[in-house]
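Below is one structure; the comments refer to it alone.
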Amino acid sequence: MYKMSAQAAIFIVYLLFSTRVFAQDQNSLQGFGIEANILSGKIIRQTSRFEAPIPAFSNAIDVNFLWQTYGKKDWEQRRNFPVVGVGITCTDYGLNRVFGNCVGIYPNIQIPLMRAKNLEWTFRLGDGLGYVTKKYQTTAPVDTLNDAIGSHLDDFAIFMTDLRYQYSDHWRFQLGANFTHISNADYHQPNQGVNMAGIHIGAQYFPVTANPKKIIRELPKLSNRWLFEFRYGMSFKEARAPKIGDPIAPSYHGTIFASKRWLSKNKFFAGADYAFHKDVYDFLINYGVDYGHEKAHSWDGAFLVGNEFLEGRIGFVTQLGVYYHQTFLKFDAVYEKIGVNYYVIQKEHGALKEVFLSALLLTHEIVAEYAEFGIGAGF
């Protein structure tokens, strides 16, 4: 049975109650709260290549600084007043000599799925950075059992669903299920990643009110417009080519697609992409594979569809691609991309309507392959 340390318990209690000190300004703290959860679960072996020993149980403490939106921005009303926040999760995987511990910090959004009187069902997703204390290492301190993580700094993603009871205007209590993932997107080998699934129990405390008065107004209906868009990006992976200089090699990505806005808060899109992978090229050169045709076997491309959930200047991207060409190092026939766009320019009129920065994670099933960062535009 998981035993939370006295220090951690004191820390959570302090966070939940100390916010009263800052509750003097009633207007500015409307909807602000602190959430604390205790998580318990188990590491999932997502691939046969994952050979590290799996502990019986893994446990974590999650603290989330949250804000109940109430309609100050148009998108808050369009999205049925979601909760936004910044979370910190401390994970003990249960086998310290192999996996160590992980501390993750991440922005997140909590979306209501169903509401009825004092009960609600919600879904929360977040993504940020995680630091793990143990990684695969052949030098002292040696850790060759950990074939899941090859770097201390990793991507940290968390998904939670809760059934929540509102006890009062200040307190809410919940139980639910969760899934966390860490990996470095193949920036350093090995990179099987660590996936943990489990259950949790927790509470939310709002020093002023959990139910700020909602601002309801007639919103302008945005047209279901079509846009032609493109995106250029880069990613970096560790090349399996020890004789070729720097082992960190770039990949270059280009995407063209058409998008259609719908319900004033989503964008459906479809198109095609292309990527040239320098790490694959270096691998083929290093080992003399298919001499003279290295470049032809170092790129891939896919037809894609997806949806973007718009939250003001931020868009959450989900994308599915089916390869029409793969590199020599073939993967599954289908990939998934998830990530976020930040819109520098958003206009309803004119030739150039959108300019955005993007951060996307490509996976095959639940195994992350690389993180792509780019810039795009819509016309």
Side-chain angles (χ1 to χ4, degrees), residues 44-52 135-138 144 146-151 153-155 157 181-195 231-256 271-306 317 319-339 358-374:
I44 299 173
R45 193 189 305 273
Q46 71 271 26
T47 171
S48 60
R49 294 178 295 167
F50 190 112
E51 298 179 349
K135 66 180 182 68
Y136 181 88
Q137 195 161 309
T138 56
T144 56
N146 184 0
D147 64 349
I149 295 296
S151 62
L153 192 63
D154 299 275
D155 175 77
H181 167 83
I182 60 168
S183 73
N184 61 38
D186 232 19
Y187 185 75
H188 280 295
Q189 294 287 337
N191 182 50
Q192 308 296 336
V194 178
N195 296 316
R231 181 176 66 237
Y232 170 78
M234 293 183 67
S235 62
F236 296 87
K237 295 176 66 177
E238 183 173 348
R240 293 178 281 249
K243 298 179 183 178
I244 306 289
D246 188 349
I248 306 301
S251 295
Y252 306 94
H253 306 265
T255 306
I256 56 172
D273 62 16
Y274 164 91
F276 180 81
H277 301 280
K278 183 70 163 45
D279 63 304
V280 178
Y281 178 79
D282 289 348
F283 173 86
L284 297 177
I285 291 291
N286 186 76
Y287 292 103
V289 179
D290 205 10
Y291 182 77
H293 301 280
E294 295 88 356
K295 288 186 177 180
H297 289 158
S298 299
W299 69 275
D300 60 31
F303 298 111
L304 61 94
V305 295
V317 179
Q319 179 178 313
L320 186 72
V322 178
Y323 289 108
Y324 60 80
H325 184 276
Q326 292 205 55
T327 70
F328 179 85
L329 305 176
K330 292 183 179 180
F331 292 102
D332 298 337
V334 177
Y335 74 70
E336 305 82 32
K337 278 187 181 181
I338 57 173
S358 65
L360 303 169
L361 181 68
L362 182 141
T363 68
H364 293 104
E365 295 181 351
I366 57 175
V367 179
E369 300 297 342
Y370 58 76
E372 174 191 340
F373 301 93

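Model, not experiment: these values are computed from the prediction. For the numbers below, each heavy atom of this structure counts, side chains included, while hydrogens, waters and symmetry mates do not. Throughout, numbering of the chain's residues begins at 1 and tracks the sequence.
- What you find for His277 and Thr327 is that their closest heavy atoms are CD2-CG2, 3.7 Å.
- Between Glu372 and Gly233, the closest heavy-atom pair is OE2-CA, 4.0 Å.
- Taking Tyr274 as the reference, Trp299 meet the ring pair (Phe, Tyr, Trp, His ring centres under 6.0 Å) condition, with sequence neighbours excluded.
- Of all heavy-atom pairs spanning Asp279 and Ala249, the tightest one is N-CB, 3.5 Å.
- Annotation for Ser251 and Lys278: closest pair OG-N, 4.2 Å, computed over non-hydrogen atoms.
- With Asp332 contributing its side chain and His364 its backbone, the two residues share no donor-acceptor pair below 3.5 Å.
- Between Ala302 and Tyr324, the shortest heavy-atom contact is N-CE2, 3.1 Å.
- A search for ring pair (Phe, Tyr, Trp, His ring centres under 6.0 Å) contacts involving Tyr335 returns Tyr323, not counting sequence neighbours.
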Stepwise side-chain contact (heavy atoms from CB on, under 4.5 Å) check, Ser298 with Phe276: CA-CA 6 Å; Ser298 299; Phe276 180 81; 3.6 Å; yes
From CA spacing to verdict: side-chain contact (heavy atoms from CB on, under 4.5 Å), Val317, Ile338: CA-CA 5 Å; Val317 179; Ile338 57 173; over 6 Å; no
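- Here Phe328 and His293 keep their ring centres 6.0 angstrom or further from each other.
- Phe373 is linked by a ring pair (Phe, Tyr, Trp, His ring centres under 6.0 Å) to nothing, counting only residues two or more places apart in sequence or in another chain.
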